[in-house]
Amino acid sequence: MLMKHVVMNCWLPLLSCANNCMLLASSSVFRRQKFFIRSLGGSIDYRKTGKMQSVEVDAENIIRIITPALDQSRHKGQAGKIAVIGGCREYTGAPYFAAISALKIGADLSHVFCTKDAAPVIKSYSPELIVHPVLEESYSVREEDKKIIANKVLGEVDKWLERFDCLVVGPGLGRDLFLLDCVSEIIRHARKSNIPIVIDGDGLFLVTNHLELVSGYALAVLTPNVNEYKRLVQKVLSSEVNNDDATQQVLSLAKQIGGVTILRKGKSDLISDGDTVKSVSIYGSPRRCGGQGDILSGSVAVFLSWARQHIEAADLDSNPAVIGSIAGSAMMRKAASLAFSNKKRSTVTGDIIECLGKSLEDICPAGSCSL
């Protein structure tokens, strides 16, 4: 009995310590969850008009929460591996803008899968990008060889696919039918591997005509501009754009496509996954130079991958596609505002890209943010 009493007395402090540690850990997680939820704002709001209103979110706090800290223990690739599927003879700037933006925000590696004609041009823009000249257009493929070439293209992309944290599909892709067919298969394979996909530019043309590619995929983000959004609304809802009830319409659109996240670009960006609608109204730039959508898609890809890491590590019940879209939207707007304050009417896409790093540093100084 004495021995049993001694043993029990020895164990009690340890059990007490363990319980205290568990309580501390759980309370820390609980506080993190509450802070995260507060940053996202409340539920959908109905005001005196009776119309659904979007909820403005604390985008800068979200960026602080999901941006990983920089420390000596991390290795190459942990901060994100992004791939852009796009780039053809006519369009080489867009995939470069998306891919280099991902690096400037903090992704470790950025790849571009493009056509053979586009590859040397994109490589000449920056040695930082890993460029794969594997896509093919109809003009270079004989009819009888199309199936063989399509399988070869898919095989080349599949070698890399599971290494990526997010794909950006569409910048500078063009509308060649054979090329679009190949990209359709890449999207299907990415879905099977549960890889997040940001759809922009000609990728939106593709999925608008083939909604089954993204329908029901919660890790897909569509980033339509005014005209792309109009085509989506006409195709999916069989109606015209209703700016008087924009919140309800974007909610319905996302829900109808099966819970994908829609980032509707505009004076205020509206973001919905069919369950909620958030808005980002941080002041951007009145200068509307081309290429800003490509910066946005690259930004969303990085933040989506970081949001997914954070949510999984903290065991949170949140949609990383929505979180990534909020953060990417805010970052793009902040960088555009900073670039415009420096360059005014002469602001071009490259000026905005160069402001991405400072914009993130202003919100979340290197080393101070963590998962």
Side-chain angles (χ1 to χ4, degrees), residues 80-88 94-95 98-99 102 110-115 118 132-138 141 143 145-224 228 231-232 235-236 253-263 273-274 297-298 300-301 304-305 308 319-321 324-325:
K81 303 176 291 295
I82 308 301
V84 176
I85 312 294
C88 62
S110 195
H111 296 243
V112 177
F113 290 83
C114 60
T115 65
H132 307 264
V134 299
L135 303 183
E136 298 279 2
E137 292 181 88
S138 299
V141 181
E143 191 66 34
D145 294 334
K146 283 188 174 180
K147 187 172 182 180
I148 296 171
I149 298 299
N151 288 335
K152 183 180 177 184
V153 168
L154 190 58
E156 289 295 323
V157 177
D158 269 349
K159 290 178 185 177
W160 294 86
L161 203 54
E162 292 192 5
R163 305 185 193 190
F164 299 129
D165 298 302
C166 190
L167 298 186
V168 180
V169 177
L173 187 62
R175 298 186 180 181
D176 178 82
L177 293 180
F178 177 73
L179 180 54
L180 292 180
D181 285 342
C182 291
V183 172
S184 296
E185 287 304 311
I186 292 170
I187 293 173
R188 291 188 182 98
H189 279 229
R191 285 190 64 163
K192 287 179 183 176
S193 298
N194 213 32
I195 300 169
I197 308 169
V198 179
I199 311 285
D200 187 42
D202 292 316
L204 287 167
F205 171 80
L206 172 62
V207 301
T208 299
N209 292 313
H210 299 278
L211 289 169
E212 73 280 359
L213 291 173
V214 294
S215 181
Y217 191 48
L219 290 175
V221 177
L222 313 186
T223 61
E228 292 159 347
R231 286 192 288 268
L232 265 175
K235 175 77 173 184
V236 178
L253 182 62
K255 187 177 292 185
Q256 197 71 18
I257 308 177
V260 302
T261 294
I262 308 284
L263 196 172
D273 60 355
S297 62
V300 170
L304 196 167
S305 68
R308 196 182 190 193
N319 186 343
S325 296

Grab the two heavy atoms, one from [X] and one from [Y], that are nearest each other, plus how far apart they are.
{"X": "E137", "Y": "F178", "answer": "C-CD2, 4.3 Å"}
{"X": "K235", "Y": "T208", "answer": "CE-O, 3.2 Å"}
{"X": "V221", "Y": "S325", "answer": "CG1-OG, 3.4 Å"}
{"X": "E212", "Y": "R188", "answer": "OE2-NH2, 4.1 Å"}
{"X": "A190", "Y": "I197", "answer": "CB-CD1, 3.8 Å"}
{"X": "N319", "Y": "D273", "answer": "ND2-OD2, 3.1 Å"}

E185, CD atom: more than 12 neighbouring heavy atoms under 6.0 Å: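 Enclosed.
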E162, CD: over 12 other non-hydrogen atoms inside 6.0 angstrom: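 Not buried by this count: 12 neighbours or fewer within 6.0 Å.
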V169 and I186: CA distance, side-chain angles, deciding distance, side-chain contact (heavy atoms from CB on, under 4.5 Å) verdict: CA-CA 9 Å; V169 177; I186 292 170; 5.7 Å; no
pair C88-D176: side-chain heavy atoms closer than 4.5 Å: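 A side-chain contact under 4.5 Å is absent here.
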Side chain to side chain, S297 and P171, heavy atoms closer than 4.5 Å: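 Answer yes - side chains close enough.
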Gap separating the [atom1] atom of [X] from the [atom2] atom of [Y], nearest 0.5 angstrom:
{"X": "Q256", "Y": "L211", "atom1": "CD", "atom2": "CG", "result": "9.5 Å"}
{"X": "S305", "Y": "D165", "atom1": "OG", "atom2": "CG", "result": "5.0 Å"}
{"X": "S184", "Y": "L154", "atom1": "OG", "atom2": "CG", "result": "11.0 Å"}
{"X": "L177", "Y": "K146", "atom1": "CG", "atom2": "NZ", "result": "7.5 Å"}
{"X": "N209", "Y": "L180", "atom1": "CG", "atom2": "CG", "result": "9.0 Å"}
{"X": "N194", "Y": "L219", "atom1": "CG", "atom2": "CG", "result": "5.5 Å"}

Plane angle bin for H132 and W160 - parallel if under 30°, tilted between 30 and 60°, otherwise perpendicular: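 The rings of W160 and H132 stand perpendicular, inter-plane angle above 60°.
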Check: T261 side chain, L222 main-chain N or O, donor-acceptor pair, under 3.5 Å: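 No.
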R191 side-chain N/O to L213 backbone N/O, donor-acceptor pair under 3.5 Å: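 Answer holds: yes.
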Verdict with supporting geometry, L135 and I85, side-chain contact (heavy atoms from CB on, under 4.5 Å): CA-CA 9 Å; L135 303 183; I85 312 294; 4.3 Å; yes
I187 vs L206, side-chain contact (heavy atoms from CB on, under 4.5 Å): CA-CA, chis, key distance, verdict: CA-CA 11 Å; I187 293 173; L206 172 62; 4.1 Å; yes
